[in-house]
There are 2 protein chains.
Amino acid sequence: MNLEVQNEYKCDCAIIHEDVVEKVKADQHPEEHLIDLADFFKVLGDSTRIRILSALAHSELCVCDIAHVLNMTQSSISHQLRILKQARLVRNRRDGKVIYYRLDDEHVAAIMNAGLVHLSHE
Amino acid sequence: MNLEVQNEYKCDCAIIHEDVVEKVKADQHPEEHLIDLADFFKVLGDSTRIRILSALAHSELCVCDIAHVLNMTQSSISHQLRILKQARLVRNRRDGKVIYYRLDDEHVAAIMNAGLVHLSHE
DNA sequence: TGAACATATGTATATCTGTTCATGTGTTCA
DNA sequence: TGAACACATGAACAGATATACATATGTTCA
């Protein structure tokens with residue numbers, strides 16, 4: 001009978017602390033929120049995008065400037081900027097043919113710094 | 001001659017703000033640090049790992065408990081815990097056959113909250 | 001000591017993702 | 001208006017990665 005209950009789950013081990021499991025399940029953030037959160041960090045989880053954000057933390061830059069700073073093609077930078085913009089990590093403004101990008105918000109740099117602090121504690 | 005200089009770079013566009021580009025290049029964090037930072041966020045950029053961390057924010061849990069909370073196999077949870085441990089996001093302790101995991105540090109939850117705050121501003 | 005159980009790990013595979021190439025869009029200026 | 005340039009984007013390919021399956025490790029207990 002306990003086995004039947006287990007088979008409803010993908011886990012192949014016994015419930016050890018059923019009360020704790022139920023409590024944590026009830027207290028969890030909605031799965032949708034957690035997926036959104038993971039997707040947000042996923043955007044930060046690419047070295048090209050992090051290098052772009054780090055560059056923009058110093059100065060507003062156009063696409064061509066960023067490509068030169070990172071020594072990468074304009075195309076790949078453009079693709080990554082699209083992803084950063086969708087995640088509301090950068091904003092842009094047009095000035096004639098040139099489009100300038102900047103960090104969307106000062107707390108973007110704060111999140112990056114929180115990560116750097118974590119790493120510096122190793 | 002300008003074209004020859006450009007060909008040293010992968011960028012297929014002209015340098016627009018050469019002084020700014022040079023300054024940002026000089027001010028950038030070492031590339032190695034930025035790669036480490038991206039790798040750190042990459043660990044957070046998976047919904048399974050985020051759900052594990054979120055669960056552990058509520059309570060210390062054994063591997064089997066986590067598998068039940070997420071309704072996933074013990075094996076996949078164990079693989080992800082290994083990655084979280086390598087990134088120093090979780091710690092564990094053994095009590096007999098059972099191994100309990102908890103967040104490594106209170107500021108792990110702080111980083112996650114920073115992300116949630118960002119998302120709540122949409 | 002050996003069965004039982006919690007956890008770890010190697011391997012294979014299906015899926016995801018970043019870059020490149022080719023091309024499209026929008027602006028300037030002669 | 002049409003050439004030139006900055007930037008965006010669609011498609012395709014290569015490399016990365018999360019999961020499942022099988023199995024190994026380590027602990028308890030009879």
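So that the names make sense, note that chain A is the first sequence line, chain B the second, and so on, each numbered from 1. The figures that follow rest on heavy atoms only: side chains count, while hydrogens, waters and symmetry mates do not. No experiment lies behind these values; they were computed from the predicted model shown.
- Between A:His118 and B:Phe40, the ring planes lie parallel to each other; the angle is under 30°, not in the 30° to 60° tilted range.
- Between A:Arg94 and the phosphate of D:dA6, there is no side-chain N or O to OP1/OP2 separation shorter than 4.0 Å.
- With rounding to whole Å, A:Lys97 atom NZ is found 16 Å from D:dA8 atom C1'.
- For the pair B:Arg82 CZ and C:dA8 C1', the computed distance is 9 Å after rounding to whole Å.
- As rounded to whole Å, 15 Å separates atom P of D:dC7 from atom NE2 of A:His79.
- Rounded to 10°, the angle separating the first-five-pair axis and the last-five-pair axis of the helix from C:dT1-D:dA30 to C:dA30-D:dT1 equals 20°.
- Residues A:Tyr100 and A:Leu61 fail the side-chain proximity criterion, which asks for heavy atoms closer than 4.5 Å.
- Using a 4.0 Å heavy-atom criterion, one finds that A:Tyr100 contacts no nucleic acid atom at all.
- Distance A:Gln74 CD to C:dC21 C1': 12 Å, rounded to the nearest Å.
- For DNA chain C, the residues of residues 37-48 of chain A within the heavy-atom distance limit of 4.0 Å (strictly under) are A:Lys42, A:Asp46, A:Thr48, sorted by number.
- Contacts of residues 50-59 of chain A with DNA chain D (heavy atom under 4.0 Å): none.
- Rounded to whole Å, the distance from CD1 on A:Ile83 to P on C:dT17 is 9 Å.
- Aromatic ring pairs are classed by plane angle as parallel below 30°, tilted from 30° to 60° and perpendicular above 60°; the pair B:His58 and A:His29 is tilted.
- Under the 3.5 Å distance criterion, with hydrogens and angles disregarded, a donor-acceptor pair is assigned to the side chains of B:Ser76 and B:Thr73.
- Between B:Thr73 and D:dA20 there is a side-chain polar atom (N or O) within less than 4.0 angstrom of OP1 or OP2.
- Atom CE of A:Met72 is separated from atom C1' of C:dT20 by 10 Å (rounded to the nearest Å).
- Taking only side-chain nitrogens and oxygens, B:Gln80 comes nearer than 4.0 Å to OP1 or OP2 of D:dT19.
- Mapping B:Ser75 and A:Asp95 onto DNA chain C via the closest heavy atom, the residue that lands nearer the 5' end is B:Ser75.
- Distance A:Leu81 CG to D:dT9 C1': 13 Å, rounded to the nearest Å.
- Following rounding to the nearest Å, A:Leu84 (CG) and D:dT9 (C1') show an atom-to-atom distance of 16 Å.
- In terms of phosphate contacts, A:Tyr101 brings a side-chain nitrogen or oxygen within less than 4.0 Å of OP1 or OP2 of D:dA8.
- Contact annotation: B:Ser76 side-chain N/O to D:dA20 OP1/OP2 distance is under 4.0 Å.
- Comparing atom distances between the A:Asn92 side chain and each of D:dA18, D:dT19, D:dA8 picks out D:dA8 as nearest.
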